[in-house]
Each structure stands twice: as structure tokens, then as C-alpha cells.
Amino acid sequence: MRWSKLFIPTLRENPAEAEVPSHQLLLRAGYIRQLSAGIYNYLLLAQRSIHKIMQITREEMDAIGGQEMYLPALNPAELWQESGRWDVMGDNMFRLKDRFQRDYCLGMTHEEVVTYIARGELRSYKQLPQIWYQIQTKFRDEPRPKSGLLRVRQFIMKDSYSFDIDPAGLDASYQKHFSAYCKTFDRCGLKYTIVEAHSGAMGGSQSHEFMVASEAGEDFIVVNPKGGYAANLEKAVSRPAPPASPDPDGDLSPEEFHTPGQKSIEQVSAFDGFPAASHLKTLVMVADEQPVLALLRGDHQLSETKFAEALGVNHFRPAHPAEIYGWMGAEAGSLGPAGVTNMRIVADKALEGRRNMIAGANKEDYHLRHVTPGEDFQAEFYDLRQVAAGDTDISTGEPLEVIKAIEVGHIFKLGYKYSSAMGLRVLDEHGKEVTPIMGSYGFGMERILCAAIELYHDADGIIMPASIAPFHVVLTPVNSNDAAQREAAEKLYGECRRLGLDALLDDRDERPGVKFKDADLIGIPLRITVGKKLAQGIVELAIRKGRRLLDVPLAEAAAKAKQLLA
RNA sequence: CGGGGCGUAGCGCAGCCUGGUAGCGCACCUGCCUUGGGCGCAGGGGGUCGGAGGUUCAAAUCCUCUCGCCCCGACCA
């Protein structure tokens, strides 16, 4: 394509609203423009990159027997009421009414739709397994769209669904997706970590996320850098670092001491001279309308996911100050478990075996020393603690790291949630009716694009992996008034295209600096500069990644470019 | 939904506190010039100051309401 005819609105300056690198660069490089919060126009460059990601996706999905479909974004409410998600999804789902006041929604995913199709048509185990996929626009009314294309309200997702006759079949479908995802992300040039994940509101058992380490990410993952363990922070387990100082020995009884104005663990710890780990953190939660006391070591954080899982509840919240006072007789800051009998008490396992700790006295401005779990209060012990840097691997004892990451893909075993709720049955080989088991696997096109940019950029712009770059190579005549340079660039352009490269001819009447800056900014992997060395039959091949320069004979330049891109 | 910030030319911003001519840089248009890293000179076009209401002789500026966007948190397949 000829640059002079294209709409590539690059910006010299960073738009003020953009914070993360991928957002700044997508705007500056003219890939996207915003329409509304979390809603973007994908201009030529973004569209071309996304098409390439889609193509790779199709190839890898087709390779595992996936069948591409196109399903409606506009869904009738009944479908979602059947699965129960009409209510579960709450405000995250875009809802609308048609002219007859019937309820509809814009699909967030398509479990309901594929299950609807399946139950109407699948009759026999002989038709299984099936893997159906779609690459389509999905809608989520995010409470806070942010970070450019990373968290948006409308996005393009590849979603696939598997139907198998039994769990062994699901294992196979899951494994196929696992490897197809690896191939897809590899081909898109991403560096990623696969972590065990929490399956969340989707239900189901096994689940993995594909995470790209990035400061722009919104998830935290726990990894053993030596390899092996990797998990989403929500689900990660670890051996906690030992308490900073040993517990006092002896069978001591709780003893009040005055702590005027000392509320937080940090304050109390500074006041009494014992490290945070020698204190008990006492949180009052309300889980399914019931008060629950959650206890942690002073330097630990509550994992909300683990807490909900341990209690088997869906909804919980911190108690309001008035509730706390009513139940505990004291305000947050002076709370402790000793003497509490009017609510369930759950304690993190790191507290098992500890002795003579410091806790609030449930009396303003007083704490208790020598509080011992199991003696001075009874509790149910669960893993409730969020893993922290400094903890160690449960199996190897090696130190773990907590890393911020972008979730680019998620696969999970759904189980029977939808097939069962929506009445999908087939006959097995004995003529008996059975419910197929399902899997669900998704990733977002935009997330891959963003993750690539987050991973690969420098002060000059994007360094796009060749496989998903909007163009492979740009032909840049240095002096647009020089007919020989123009002609040579034109000739190279034709040759590159004949070799199957996505070539861009920078035929704009611009100064060389402008052309170079733009090419760098939008991240074209290769640039062939036709300049003064043309007199010697030489052109220059500039490799965006690593900024290498090669002088090559004009006649060989296109072939060399193709070779470099392979 | 809680907290914070910002809406002035296409982009980045100043002006607002202390009311009185709407400004700067980049971009854009014309001409000349220049051609290996956002070149130079000259001329030029472009603004409901987010919107509504109010105070005032007079509002970008003060007051009230409202809409939008961004950031932090909550939330999140």
C-alpha cells in the first residue's frame, strides 16, 4: 500500500489520557481512536494486526479440529435466565428491550448459545466430541474501563466450547486447547507464563490462565522463578515466611495492656515493640448475612477468594463500623478473638501452633498479650492468606515471586453446569441418556495486541512481532525529489509484494526524519531505506528490533527482507 | 459505587486564584527553501472556552446543577 493514500494519523505528542505504554502507543501510532469510555475505533493499522492475530487463531483452532461459527451478539433474555446468568451477571451485562418490551442482552460469552444449539441437534455419543469456536465481538459493561484496549466494554474474542461424552474426553479437549493456545501465543511472539487459575463464577474444576508479565497488567501471579510452580494470586499457596521473632514460651494467660490511640497493626507493633507477625489480625466480615471473624497473622493479607471458598459463600463484605461495634463491643483497631462466641471464627493456617500472640482486647485502647489459638479461642483453620513475596514454594522451599501480569487467555473445564442446567442430553453406547461435559476457552484479540506492545516497545515506539505487525516492511526513499530513489523504492515495493510480504511504500512528500520516525513509531519490523548509497547499487535494511542496519545490494534487498522475516 | 484529577483550536498546554482584547507550541493550508532522524523562512485558516442555569454593566474566569473523560480503590470469566 502507498502511505500517501493511507489514513495513519500519528501523533507527535502523547495524548494526555493515556497512561500505559500500549495505550499511548496505539493512539500515537494511529492504530486506534477512542469513541467512548472503553469503546474504540480500530483504524487501518489495528485492524490489520488484529486480522493477523485472527488468522493465526483460526489456523491453530482448525488444527485441533475446531469448527468456526458465527453466533449472535444479541441474545434473548430467556436463554440467560435458563442458565441462571441473567441474574448472576448483574450490571456487567448490557441489557436492552426490543419494541415489544422483550428483554435482550448483548452476549458476554456464548455458553448459553452453544448449549442451545447443541441440545437441539446433538443426539448421540457418536457425534462427540465437538469443538466449536467463534471470533466475535463481545460486550461487557465494565465498571471501570481502563488502560486503552486492555479493559474495554466491547472487544473481539475467540471463544471455544467443547462437548465431550465423559471427563476423559474433556481432559483431551482441554489438552488440545492448552497446546493450541501455546502455539497461538508463540506465533504472536508473546512471552507468557501459564498459571493455575481460579475458575470463578464460571464454575468448573481445572483452569489455566495464560499470563504476560507486565506492569500494565491487572492480575498478580505467583511464580517460582526456578520453574515449576506458577499460580494466580487468587489461588496460589505457599509456605509463609517464619514469624520475625519467636513466640514467648509458656502457658501464659491473656493479659490486658493499655494501647492508647494505637489502631493499626503497624501502630500497635511499633508501640509494643513486637513485629507484625507476632500480632493477630482480626477482621469482621459479613458472609451471606452472617457475621464471621477472620483471623490472620499481622503481616498477612486476607485472600478474598480463599475466604469465600472456605466458607462456601458467594457474597461477603467487610462489616460496617456500626455492626462491628454491635457485635464486638469495640471498634476496628481493638478487635480480637478472645472471648468471642457469638459468631463463626475462621483462622488462617499460619496461626496453627502459634502461642502467646498479641490481639485486640475488644475494649477501646486495650490489647491482650499471650493469646493462644486453640486455648484462648477456638477457630476453624483454613488457608485464607494471600501469598506474599518472601514466601516459599510448598514443594521445593524455593522463594516465590509475585508478578503483575496481563491475562491473555483462559481455559477451563466447565463440567456440567450449562449442559445440565439447559437440558443437553445424548444417548451413550448403551442407549442411556447422559449429559455431555463441557469446556470453555477464550482469549481476546486486543489483549494479544496490547500484550505484544507492552512487551516490545522502546522510546521510539512499537517493536511489533513480525507475525502480527500491520506491515512487514516499509520502503523508504530518503529524498522524494530524487527520481532514481523513487523508482528503486517502487521496484522494491513490487518485488516485496511478489514475495508475499505485506509491504508499505512510503511515497509521502516528507522529510526523511518524519518517515523514519513514523516507521519506528508504528513498529514495522523492517525498513528498506533507499538513499544516497543507491548510486553504488546499495540500499539499507534497518531492523526495528535491536536497531541493526545492513547494507545490501538493491537486487537482493527484497529476498533478504523475506529471509529476515522468516 | 467511594476517593482524586481534568474538560480552552486536530494534539499538548497556558490563561481562571485577582471578571474586561482568547493565547503558546505542534499539526493544518499557501509560497519559497530544504532532503539520512519530527528542517527553515514568510503568510494564512481554524475556538459554542464540555453543557445548562445563575451573579454581574461585563463570565473561559465567580456560584449552582449537569454531562464526559482519566487515575486510585471496589468490582471483574
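Convention: sequence-line order gives letters A, B, ...; per-chain numbering from 1.
Put simply, A:Gln485 has no side-chain N or O that comes within less than 4.0 Å of OP1 or OP2 on B:U35. Here A:Ser36 reaches the OP1 or OP2 of B:C69: one of its side-chain N or O atoms lies under 4.0 Å away.
B:C75 atom P lies 20 Å from atom CG of A:Leu150, rounded to whole Å. Between the CG atom of A:Asp506 and the P atom of B:U35 there is a distance of 18 Å, rounded to whole Å. At whole-Å resolution of the value, CG in A:Leu27 and C1' in B:C69 are 13 Å apart. Whole-Å rounding puts the A:Glu234 CD to B:A74 P distance at 12 Å. In this structure, CZ of A:Arg547 is placed 13 Å from C1' of B:G36, rounded to the nearest angstrom. Atom-to-atom, CZ of A:Arg486 to C1' of B:U35 comes out at 13 Å; the value is rounded to the nearest Å. Summarising the geometry, the separation between CD1 on A:Ile8 and C1' on B:G10 is reported as 18 Å, rounded to the nearest angstrom. The distance between atom CG of A:Asp509 and atom C1' of B:C32, rounded to the nearest whole Å, is 14 Å.
You won't find any donor-acceptor pair under 3.5 Å spanning the side chain of A:Arg144 and the base of B:C71, going by distance alone. Within 3.5 Å, no donor on the side chain of A:Glu510 pairs with an acceptor on the base of B:G38, nor the reverse. Side-chain to base pairing of A:Arg527 with B:G37: one donor and one acceptor N or O lie within less than 3.5 Å of each other. Applying the 3.5 Å distance criterion, the base of B:G38 shares a donor-acceptor pair with the side chain of A:Asp518. Remark: the A:Asn479 side chain and the B:G36 base include no donor-acceptor N/O pair separated by less than 3.5 Å.
As judged by a 4.0 angstrom heavy-atom cut-off over every strand, A:Lys515 is placed among residues making no nucleic acid contact. When heavy atoms are screened at a 4.0 angstrom cut-off, A:Glu407 is found touching the sugar-phosphate backbone but no base atom. Counting non-hydrogen atoms under 4.0 angstrom, A:Asp520 reaches a base of the nucleic acid. Among the heavy atoms of the strands, none lies under 4.0 Å from A:Thr305. Residue-level contact check: A:Arg28 touches the bases, meaning some heavy atom is under 4.0 Å from a base atom.
Annotation: B:U30 and B:A14 have their C1' atoms spaced 29 Å apart (nearest Å). Of the C1' atoms belonging to B:G73 and B:C29, the separation is 48 Å, rounded to the nearest Å. Between B:G12 and B:G44, the two C1' atoms lie 22 Å apart (nearest whole Å).
Between the A:Lys515 side chain and the A:Leu475 main chain, no donor and acceptor come within less than 3.5 Å of each other. Between the A:Arg544 side chain and the A:Leu521 main chain, no donor and acceptor come within less than 3.5 Å of each other.
Side chain of A:Val478, nearest nucleotide from B:C69, B:U35, B:C13: B:U35. For A:Glu13, counting side-chain heavy atoms from C-beta on, the closest listed nucleotide (B:G25, B:C69, B:C75) is B:G25. Listed nucleotides B:G36, B:C75, B:G38 differ in distance to A:Arg12; the shortest reach to its side chain belongs to B:G38. Side chain of A:Pro143, nearest nucleotide from B:C76, B:A74, B:G38: B:A74. Which of B:C72, B:U34, B:G12 sits closest to the side chain of A:Arg511 comes down to B:U34. Across B:G38, B:G36, B:C71, the shortest atom-to-atom separation from the side chain of A:Lys146 is found for B:C71. You'll find that the side chain of A:Glu304 is closest to B:C75, out of B:G36, B:C69, B:C75. In this structure, the nucleotide among B:G36, B:G37, B:G12 sitting nearest to the side chain of A:Pro15 is B:G12.
Applying the Watson-Crick and G-U wobble criteria (two distances, each under 3.5 Å), B:C62 pairs with B:G54. Pairing for B:U30 goes to B:A42, judged as Watson-Crick or G-U wobble with the two contacts each under 3.5 Å.
Salt bridge annotation for A:Glu111-A:Lys417: absent, with no cationic side-chain nitrogen under 4.0 angstrom from a carboxylate oxygen. Electrostatic pairing of A:Glu323 and A:Arg317 counts as a salt bridge here, judged by a charged N lying under 4.0 Å from a carboxylate O. Classification of A:Arg2 and A:Glu490 as a salt-bridged pair holds, one side-chain N sitting under 4.0 Å from a carboxylate O.
Comparing A:Glu218 and A:Ala16 along RNA chain B, the residue whose closest nucleotide (by nearest heavy atom) sits nearer the 5' end is A:Ala16. The residue among A:Glu19 and A:Asp219 whose nearest nucleotide of RNA chain B is located toward the 5' end is A:Glu19.
Between the side chains of A:Tyr181 and A:Lys158, at least one donor N or O lies within less than 3.5 Å of an accepting N or O.
Minimum interatomic distance between A:Leu541 and A:Ala561 (heavy atoms only, all atoms of both residues): CD1-N, 4.2 Å.
Of the options A:Leu449, A:Leu27, A:Leu45, a side chain to side chain contact (heavy atoms under 4.5 Å, CB included) to A:Ile32 is made by A:Leu27 and by none of the others.
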